Protein chains: 2
Amino acid sequence: MNLRELSAHLGLSQTTVSRALNGYADVAPATRRKVVEAAERVGYRPNSGARRLATGRSQALGIAFPVDRNLLLDPHFIEFLAGVAATAGEKGYDLTVSPTTGTEDEVYRRFARTRTADAVILSGPAVEDRRIALLNGLGLPFVVHGRTQTPLPYAHVDIDNRGAFRQACRLLLDLGHRRIALINGDEGQTFARDRRSGWQEALAQAGLADDPDCPSCCGAMTEENGYRFARALLERTPAPTGLLCSSVLLAFGAYRAIRDLGLTVGRDVSVIAHDDDLPFLRPHTLDPPLTVTRSPIRKGGEQVADFAIRLATGTPIDQLTDVKPVDLVYRGSVAAPASG
Amino acid sequence: MNLRELSAHLGLSQTTVSRALNGYADVAPATRRKVVEAAERVGYRPNSGARRLATGRSQALGIAFPVDRNLLLDPHFIEFLAGVAATAGEKGYDLTVSPTTGTEDEVYRRFARTRTADAVILSGPAVEDRRIALLNGLGLPFVVHGRTQTPLPYAHVDIDNRGAFRQACRLLLDLGHRRIALINGDEGQTFARDRRSGWQEALAQAGLADDPDCPSCCGAMTEENGYRFARALLERTPAPTGLLCSSVLLAFGAYRAIRDLGLTVGRDVSVIAHDDDLPFLRPHTLDPPLTVTRSPIRKGGEQVADFAIRLATGTPIDQLTDVKPVDLVYRGSVAAPASG
DNA sequence: GTGTTTTTCCAAAGCGCTTTGGGTTACGAT
DNA sequence: ATCGTAACCCAAAGCGCTTTGGAAAAACAC
């Protein structure tokens with residue numbers, strides 16, 4: 001059933017039916033009701049291609065999907081994507097994912113030229129990210145999940161990574177810890193860089209700036225790396241008594257390392273991690289329950305999608321920036337350091 | 001730059017340019033070369049909406065994205081999706097994901113009516129899956145990742161789950177194990193049901209059909225469940241000496257449980273898991289390295305996408321079914337049971 | 001050289017929708 | 001009765017592409 005058939009069926013013109021369905025003012029309430037009802041009844045849905053062609057807009061959000069597996073975020077990405085998809089769907093938008101290996105330039109070029117997406121979502125921004133300039137140049141609206149260094153204004157939603165890790169580190173310091181190590185994600189990405197800054201700020205405030213007993217390491221956020229990093233850090237002398245992990249997956253590995261070394265989480269080593277609220281990794285089920293800075297990454301996806309749609313429909317960029325504060329959830333993995 | 005401009009620029013008709021670009025026979029090689037070159041140079045890309053409208057096909061694959069988090073497959077799904085996206089992209093297809101909560105009917109209806117996707121991908125089929133009938137009724141081509149019970153023929157790619165778990169169980173039996181437990185995924189899903197069948201078959205062949213000392217349990221494939229299930233199983237008397245896990249994540253939890261009970265993997269308890277080859281969970285890095293039945297779920301995604309595109313372009317269904325054998329990779333988590 | 005086929009190209013007709021730029025009709029005001 | 005103004009509706013023009021059904025030109029057969 002298409003528009004022509006539907007309007008013939010109703011004895012109205014295509015124009016009127018179209019306008020009734022799209023909420024224009026100049027159609028009588030009674031007519032509109034009839035139209036909407038009939039459309040509902042026969043299950044009319046506008047052909048997406050035709051609508052795209054006519055309006056020039058695709059009612060779709062685009063996102064590049066890095067399929068090469070070296071990307072650190074796999075388990076986080078899906079959760080983020082779930083959020084994006086949820087609100088996109090809710091607002092009648094499709095979500096078009098395009099695979100990329102290496103550079104995403106080609107995908108964005110295609111989005112822009114074929115008008116396949118009205119706005120694109122940029123995730124995992126690097127500290128200096130060429131994509132921003134590219135998208136600006138292409139005139140393709142975009143919103144960034146995270147932040148980056150650029151003079152240009154850009155729509156984004158982020159969490160206060162720096163504040164979160166400053167806070168987490170301060171908690172350990174206040175408890176008396178003096179040797180606090182950071183197990184970070186890839187520091188080419190802004191979120192990791194920010195967390196490092198937060199950690200450093202707290203240390204500096206405690207007079208521990210660049211203290212060699214407060215080491216750090218970074219890399220892909222896998223369980224395996226968490227184990228390796230934690231193990232390496234804890235085998236130093238003196239060993240750190242506090243561990244800040246950039247993801248629960250890393251903390252997972254850290255727990256394993258701590259156990260393997262005959263130590264006990266919460267007694268010998270305090271651990272705090274950032275929790276993106278992945279459904280299959282629940283920090284409170286660990287033993288002892290893991291203290292976290294918590295911010296559901298899915299929520300981030302939802303807000304990014306919302307911003308992207310608003311951007312595509314004309315909301316100015318400066319109204320589309322948000323940086324969410326992060327909660328610190330105190331649990332059993334943290335305690336005062338053993339005296340001595 | 002659109003077709004009209006491009007053809008004006010070349011001094012040719014739109015028809016000729018279009019046909020040249022789309023590989024029709026009736027355009028002189030020299031002309032074609034000129035056209036292709038010019039298109040390349042000016043970066044011409046056909047408007048996707050226009051093409052959809054004209055051809056009736058969208059050059060897109062559709063997939064429903066279950067955003068309610070009770071879905072077991074989260075980490076598996078992304079990897080599968082990566083495979084789908086990769087080959088879709090390679091072949092010039094977009095991938096449209098549509099969120100669903102609960103039933104996916106509405107999404108498929110929409111795909112069908114708006115012609116947003118030329119074919120859809122069905123993942124995580126239940127043993128009896130209403131979606132098959134629905135899609136058949138809608139006339140929307142689809143390919144299933146996995147199998148289901150239905151009299152209708154349908155395109156699918158699956159792995160030999162039954163054979164894999166039969167094989168794994170037989171290995172343990174051959175080593176002398178007599179109490180082998182199964183920690184399975186949600187048995188409403190076909191893959192889990194098939195694995196159970198394989199386990200049962202091997203047990204039956206060893207004369208252990210329905211042996212009460214060979215218990216099983218099932219549920220979402222999380223680390224947490226792996227821990228709970230393994231712990232419960234191992235606290236029975238007599239305790240099983242062999243554990244078959246439906247995912248590495250479950251095995252992960254099982255390892256933790258085994259350790260917590262003061263037991264040792266490979267010595268007191270042998271563990272085998274199915275490995276979907278998730279990049280952030282590497283079974284060989286566990287201690288001891290985990291024996292697995294291995295089949296990269298990403299490869300599955302790639303093949304599903306390939307089938308879906310072939311289906312959309314006219315390949316008959318009966319040429320689009322495949323069930324891949326599964327390798328058993330023998331590692332240190334398996335040994336003969338302690339005598340006694 | 002004529003007739004026939006093949007090769008190469010093109011004009012024009014859609015695909016199904018939105019939107020512009022009027023028309024009608026109804027109604028209150030003059 | 002007449003005019004002006006809303007309120008409601010419509011015909012027709014596109015959006016950018018593909019595809020049908022030729023036509024013109026070139027190649028071939030005799």
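Source: prediction; values computed, not measured. Naming convention: chains lettered A, B, ... in sequence-line order (proteins, then strands); numbering from 1 in each chain.
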Check the distance between C:dC10's C1' and B:Arg19's CZ and give it to me in whole angstrom.
11 Å

Do A:Asn2 side-chain and C:dC15 base share a donor-acceptor contact under 3.5 Å?
no

Test: salt bridge (Lys or Arg N to Asp or Glu O under 4.0 Å). Region: residues 35-52 of chain B. Which pairs qualify, not counting sequence neighbours?
A:Glu106-B:Arg45

Which residue lies toward the 5' end of DNA chain C, B:Leu12 or B:Leu53, if each is placed at its nearest nucleotide?
B:Leu12

Side-chain donor/acceptor of A:Tyr154 to backbone N/O of A:Thr148, under 3.5 Å
yes

Looking at A:Ser13, does any N or O in its side chain come under 4.0 Å of the phosphate oxygens OP1/OP2 on D:dC10?
yes

Roughly, in whole Å, what's the span from CG in A:Asn22 to P in C:dT18?
5 Å

Phosphate OP1/OP2 of C:dC9: any B:Thr15 side-chain N/O under 4.0 Å:
no

For residues A:Thr15 and A:Ser18, is any side-chain donor paired with an opposing acceptor at under 3.5 Å?
no

Does the side chain of A:Tyr44 get closer than 4.0 angstrom to OP1 or OP2 of C:dC17 through an N or O atom?
yes

Need to verify one output field. Residue with the more 5' nearest nucleotide on DNA chain C, A:Ala54 or B:Val17?
B:Val17

A:Thr31 vs D:dC8: side-chain N/O to OP1/OP2 distance below 4.0 Å:
no

Could you state the atom-to-atom distance from CZ of A:Arg57 to P of D:dG14 in whole Å?
20 Å

In whole Å, I'd like the distance from the CG atom of A:Leu6 to the P atom of C:dG16.
14 Å

Phosphate OP1/OP2 of C:dT18: any A:Arg51 side-chain N/O under 4.0 Å
yes

So, does B:Tyr24 get its side chain near the phosphate of C:dC9, meaning an N or O under 4.0 Å from OP1 or OP2?
no

Measure from CD on A:Gln14 to P on C:dG16 and round the result to the nearest Å.
10 Å

Between D:dC15 (P) and A:Gln59 (CD): distance, integer Å
20 Å

Base, sugar-phosphate, or nothing for A:Thr55, non-hydrogen atoms under 4.0 angstrom?
sugar-phosphate

Under 4.0 Å between any heavy atoms, over every strand shown, what does B:Asn47 touch: base, sugar-phosphate, or nothing? Just pick one.
sugar-phosphate

For residues A:His145 and A:Leu122, determine if any side-chain heavy atom of one lies less than 4.5 Å from a side-chain heavy atom of the other.
no

Thinking salt bridges, do A:Asp105 and A:Arg131 make one under a 4.0 Å N-O criterion?
no

Between atom CG in B:Leu3 and atom C1' in C:dC10, what is the gap in whole Å?
14 Å

Atom-to-atom span, CZ of A:Arg4 to P of D:dC10 - whole angstrom
16 Å

